[in-house]
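Here's the structure we're looking at; comments come further down.
Every heavy atom of this structure was used, including side-chain atoms; hydrogens, water molecules and symmetry mates were not. Throughout, protein chains are lettered first and strands after them, A, B, ... in sequence-line order, and every chain is numbered starting at 1.
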There are 2 protein chains.
Amino acid sequence: MKLDITFLHQQFGKLFEGHLLEELAQVGNYMEVEEGFVLMRPGGYIRSVPILLSGSVKIMRADADGREALLYYLGGLDSCAMSLTCCIDRKQSEITAIADEKTRLIAIPVEKVEEWVCKYPSWKHFVFMTYQKRFEDLLGAIDQIAFHKLDERLLGLLNRKMKQCGCTTFTITHEELGQELATSREVTSRLLKQLERLGKVKLSRNKIELLATAIS
Amino acid sequence: MKLDITFLHQQFGKLFEGHLLEELAQVGNYMEVEEGFVLMRPGGYIRSVPILLSGSVKIMRADADGREALLYYLGGLDSCAMSLTCCIDRKQSEITAIADEKTRLIAIPVEKVEEWVCKYPSWKHFVFMTYQKRFEDLLGAIDQIAFHKLDERLLGLLNRKMKQCGCTTFTITHEELGQELATSREVTSRLLKQLERLGKVKLSRNKIELLATAIS
DNA sequence: GCGATTCTGTAACATTTGCTACACGGGAAA
DNA sequence: TTTCCCGTGTAGCAAATGTTACAGAATCGC
């Protein structure tokens with residue numbers, strides 16, 4: 001699909017200036033990916049920087065043994081700073097990026113990112129803002145992992161999911177949740193059951209409902 | 001002390017172009033701080049971005065209850081991305097920065113950082129490199145906390161300290177080490193004793209020596 | 001329907017980490 | 001010297017998390 005300038009204006013009108021939108025239309029590559037689509041794997045080379053139009057993408061960190069931990073979500077008009085940092089010397093990715101739902105995005109060739117920083121003040125601002133947000137996200141992830149127990153982290157994770165998707169019911173397995181928390185399925189099940197007994201969630205197969213008492 | 005252009009050329013000759021060095025000399029503020037000096041506290045406003053000339057600075061994250069965790073060290077000609085991100089809208093610091101030894105640095109007013117990005121390609125490159133390095137550091141911190149047990153993290157921390165200061169003996173208390181690992185003094189003592197029994201370290205009051213078998 | 005697969009629940013136990021309490025020793029201060 | 005504070009060692013128990021093992025329930029493919 002070719003990028004339409006009117007469409008871009010709807011999306012980015014307030015964020016980006018006109019000339020930048022024109023260039024975006026020229027070089028940007030519109031994509032739609034389904035839930036579960038793997039946008040990036042550790043070791044993969046980064047050729048383009050994504051800007052999300054809708055949907056959400058979860059960014060995970062994997063260790064050598066295949067264990068994983070959720071770092072943060074991308075949503076709204078977010079971009080990924082990890083890919084920004086890779087623009088300089090075409091480094092390999094150190095993270096995994098997976099679409100958490102059906103997601104629409106624009107992919108921008110890496111060489112444009114640096115070029116536009118000086119050409120368009122609005123782009124420079126966008127890049128700096130992106131870095132700042134991602135740093136905050138990473139610090140938040142560290143806070144969770146370093147300072148909170150698993151049950152709190154689990155509740156926190158469900159709350160973040162709620163904010164991300166705007167709904168209180170998630171289609172997800174305990175296994176998957178365990179991965180995002182970097183723990184085992186059994187531990188996750190145990191804690192979820194505990195939360196259910198406390199009236200904070202309602203469990204069924206492939207589904208978790210966050211109840212009002214658990215929302216913060 | 002006034003900044004001397006010859007001095008700057010010695011330090012940054014290969015990194016920065018001539019005109020940038022001149023501006024650096026004009027607006028940069030040379031500082032020397034002793035070990036333990038607190039460069040930044042959470043909530044503090046960031047008015048300048050530091051570039052280290054020598055020494056090292058440790059960057060810590062504190063939670064609401066006063067617990068802390070080490071994020072990473074600055075050394076060499078490093079700068080702090082946390083302060084870079086704050087340039088846009090004068091945000092408050094979210095981290096603590098403490099000189100880990102006697103440290104010399106140049107403080108650059110935040111308003112110059114963004115201005116120079118477009119003016120000097122070498123500065124743009126420096127800023128992007130800084131972001132990239134700090135991201136890697138934060139990811140490393142997350143790896144440690146999320147995927148490793150305390151004994152491994154302790155050994156890892158001692159190894160990093162060794163690389164940072166270039167020596168194998170550290171003047172540090174168990175209490176302080178515990179803080180950096182976000183755990184208690186007792187646990188740290190226990191693990192250190194365990195490492196001593198394994199012949200990996202040698203302990204004495206206020207002092208820890210990392211033995212050859214523990215260096216990785 | 002029926003077997004296979006996936007997801008969940010749970011017990012039992014091991015390991016890791018946190019916390020409390022106290023003893024000891026070195027060295028600084030009086 | 002004596003006193004006192006700080007840093008360390010360590011026991012003992014509590015809590016949190018990891019691991020193994022297995023059973024039953026839901027769903028899918030045939």
Side-chain angles (χ1 to χ4, degrees), chain A residues 35-36 62-70 142-158 169-210, chain B residues 35-36 63-70 142-158 161 169-210:
Chain A
E35 177 182 341
D63 80 339
D65 307 337
R67 293 207 300 167
E68 295 203 311
L70 175 69
I142 288 177
D143 285 347
Q144 287 292 314
I145 300 175
F147 301 131
H148 295 284
K149 286 189 299 178
L150 269 174
D151 52 354
E152 298 172 302
R153 289 175 55 203
L154 178 52
L155 258 184
L157 177 57
L158 294 175
T169 304
F170 319 109
T171 302
I172 192 170
T173 66
H174 300 182
E175 171 74 37
E176 227 177 312
L177 267 181
Q179 277 197 3
E180 300 189 3
L181 293 169
T183 185
S184 68
R185 195 275 308 170
E186 292 85 343
V187 171
T188 312
S189 290
R190 184 198 289 157
L191 293 173
L192 279 171
K193 208 65 198 170
Q194 188 179 301
L195 288 180
E196 188 175 47
R197 278 190 281 265
L198 291 171
K200 309 229 174 198
V201 299
K202 192 160 164 296
L203 303 175
S204 33
R205 189 186 172 90
N206 288 317
K207 211 174 72 179
I208 297 174
E209 187 184 350
L210 190 59
Chain B
E35 178 182 340
D63 81 339
D65 307 338
R67 292 206 301 167
E68 296 204 310
L70 176 68
I142 288 177
D143 286 347
Q144 287 292 312
I145 300 174
F147 301 131
H148 295 284
K149 286 189 299 181
L150 269 173
D151 53 354
E152 297 172 304
R153 289 175 55 202
L154 178 52
L155 258 185
L157 177 57
L158 294 175
K161 280 186 183 295
T169 304
F170 319 109
T171 302
I172 193 169
T173 66
H174 299 183
E175 172 74 38
E176 227 177 312
L177 267 181
Q179 277 197 3
E180 300 189 2
L181 293 169
T183 186
S184 67
R185 195 275 309 169
E186 293 86 340
V187 171
T188 312
S189 289
R190 184 198 288 157
L191 293 173
L192 279 171
K193 209 65 199 172
Q194 188 178 301
L195 288 180
E196 189 176 45
R197 278 191 282 265
L198 292 172
K200 309 228 173 197
V201 299
K202 193 161 163 297
L203 303 175
S204 34
R205 189 186 173 87
N206 288 319
K207 211 174 72 180
I208 297 174
E209 187 185 349
L210 190 58

### Task
Identify, between A:R205 and A:H148, the residue whose nearest nucleotide on DNA chain D lies closer to the 5' end.
A:H148

#### Entry: B:K193 vs A:L150, nearer the 5' end of DNA chain D by closest nucleotide
B:K193

Could you give the [atom1]-to-[atom2] distance, from [X] to [N], as a whole number of Å?
X      : N      : atom1 : atom2 : value
B:L192 : D:dT10 : CG    : P     : 12 Å
A:Q179 : C:dC7  : CD    : P     : 11 Å
B:K207 : C:dG26 : NZ    : C1'   : 14 Å
B:R190 : C:dT20 : CZ    : P     : 13 Å
A:D151 : D:dA16 : CG    : P     : 7 Å
B:L195 : D:dG9  : CG    : C1'   : 15 Å
A:N206 : D:dC28 : CG    : P     : 9 Å
B:L191 : C:dT15 : CG    : P     : 16 Å

### Query
Are any of the side-chain nitrogens in B:E180 or B:K161 under 4.0 Å away from the carboxylate oxygens of its partner?
yes

State which of [options] makes the closest approach to the side chain of [X].
X      : options                : answer
B:T173 : D:dG18, D:dG9, D:dT8   : D:dT8
A:E186 : C:dT8, D:dT17, D:dT19  : D:dT19
B:K149 : C:dT10, C:dC7, C:dT17  : C:dT17
B:L203 : D:dG9, D:dC6, C:dT8    : D:dG9
B:R185 : C:dG18, D:dG18, C:dA21 : C:dA21

### Query
Can a side chain N or O of B:S184 be found less than 4.0 Å away from OP1 or OP2 on C:dT17?
no

### Query
Just to confirm, is there a sub-4.0 Å distance from OP1 or OP2 of C:dG9 to any side-chain nitrogen or oxygen of A:H174?
yes

Kindly indicate whether the side chain of [X], heavy atoms from C-beta on, has any atom under 4.5 Å from the side chain of [Y].
X      : Y      : result
A:T188 : A:L150 : no
A:L181 : A:L70  : no
A:V201 : A:E209 : no

### Message
On a heavy-atom basis, which atom in A:E196 and which in A:L203 lie closest, and how many Å separate them?
### Response
OE2-N, 2.9 Å

